[in-house]
Amino acid sequence: MATTMQDEGKQTPVIELRDVDKHYGDLHVLKNINLEVDKGEVLVIIGPSGSGKSTLCRTINRLETIDSGQILIEGKPLPQEGKELAAMRAELGMVFQQFNLFAHMSILDNVTIGPIDVLGVPKEKAQAEAMELLKRVGVAEQASKVPAQLSGGQQQRVAIARSLAMHPKAMLFDEPTSALDPEMINEVLDVMVELARQGMTMIVVTHEMSFARRVADRVVFMADGQIVEEGAPDEFFDHPKSERAKEFLESIS
Ligand code: ADP
Ligand code: MG
């Protein structure tokens, strides 16, 4: 759901990776990755387990360092450390397979702690905004509970609300529904579909192919640390070019 290009030509991508390489010891986990995500674009990354998808996501907000190459956020290099890095991280929402909520805090406090502590939003304002977000993801009535009292699907929706509370420039989702019971997958995907529809810039690692087909502007297929092919979802799913992608799509269908 990318926005239309400006008259003057191409806009600056929200996220850009240039020739990114990374090793874990002898393992070459990211091989010359080049990737651009434009404002409002939904990029879905798929590929076999171990292909480097999570590592790629983690490098983007510098939970992992890279060996060489560049990562730019709105055209600016990723800060290396300190306050600038913390500020940049806050601008990229990240939702993982595990919900990572603070277990000892209420749902409301989970959503307000970032805005209050990092952004300096006054408590009442933060709480009002948090309630709006919790409403948006359908869990407002759970606000005073602690995470363990919620289902997995509800916790993951809280995790999304918590990220949104920081007003991120983009959202990164790393297999957000993989740890969920099947009946809860759609309630989380529905929230993501709605976010995409509202124009959020998103990178989504997922095995949910019907979601990818429906929501992705572009699908990137990774294997063995490389981007093997990319394209529009219908083109990719109906006519994969590489043998590797054909094999993968057959293995999951
Ligand atoms: P994916 O998300 O596509 O399943 P990952 O990015 O998690 O792939 O992992 C890519 C490869 O890197 C795998 O072989 C994995 O075992 C390895 N790997 C991931 N994290 C680490 C780490 N912290 N140290 C060493 N190897 C790692
Ligand atoms: Mg992974």
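Only heavy atoms go into these numbers, but all of them, side chains included; no hydrogens, no water, no symmetry mates. Counting starts at 1 for both ligands and their atoms, following the listed order.
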Take every heavy atom of S49, measure it against each atom of ligand 1, and state whether any distance is under 4.0 Å. yes
Do [X] and [Y] sit within salt-bridge range, that is, some charged N less than 4.0 Å from a carboxylate O?
| X | Y | result |
| --- | --- | --- |
| E16 | R18 | yes |
| R197 | D190 | no |
| D234 | R213 | yes |
| D224 | R244 | yes |

At under 4.0 Å between heavy atoms, which part of V29 makes contact with ligand 1: side chain, backbone, both or neither? side chain
At under 4.0 Å between heavy atoms, which part of L27 makes contact with ligand 1: side chain, backbone, both or neither? side chain
Going by heavy atoms in the side chains, are T59 and L30 under 4.5 Å from each other? yes
Is any side-chain heavy atom of E230 closer than 4.5 Å to one of R218? yes
Taking atom [atom1] of [X] and atom [atom2] of [Y], what is their separation to the nearest 0.5 Å?
| X | Y | atom1 | atom2 | value |
| --- | --- | --- | --- | --- |
| L92 | L63 | CG | CG | 10.0 Å |
| I203 | L35 | CD1 | CG | 6.0 Å |
| L164 | R136 | CG | CZ | 5.5 Å |

Nearest protein heavy atom with distance in Å, relative to atom 24 (N) of ligand 1: Y24 CD2, 3.5 Å
Provide, to 0.1 Å, the distance between atom 4 (O) of ligand 1 and the closest protein heavy atom, together with that atom's residue and name. G50 N, 2.7 Å
Which atoms from ligand 1 have a heavy atom of [X] less than 4.0 Å away?
| X | result |
| --- | --- |
| P48 | 3 (O) |
| T55 | 5 (P), 6 (O), 9 (O) |
| S54 | 1 (P), 2 (O), 6 (O), 7 (O) |

Within-cutoff protein neighbour (heavy atom, under 4.0 Å) for atom 16 (O) of ligand 1: no
Can you see which heavy atom on T65 is nearest to which on K22, and at what distance? O-NZ, 2.8 Å
The Mg ion (ligand 2): which protein N, O or S atoms are under 2.8 Å away? S54 OG
Min N/O separation G52 to ligand 1 under 3.5 Å: yes
Compute the shortest N/O to N/O distance between S51 and ligand 1 and return yes if it is under 3.5 Å, no if not. yes
If you draw the axis of the six-membered ring of F248, does the NZ or CZ of K246 fall within 45° of it and under 6.0 Å from the ring centre? no
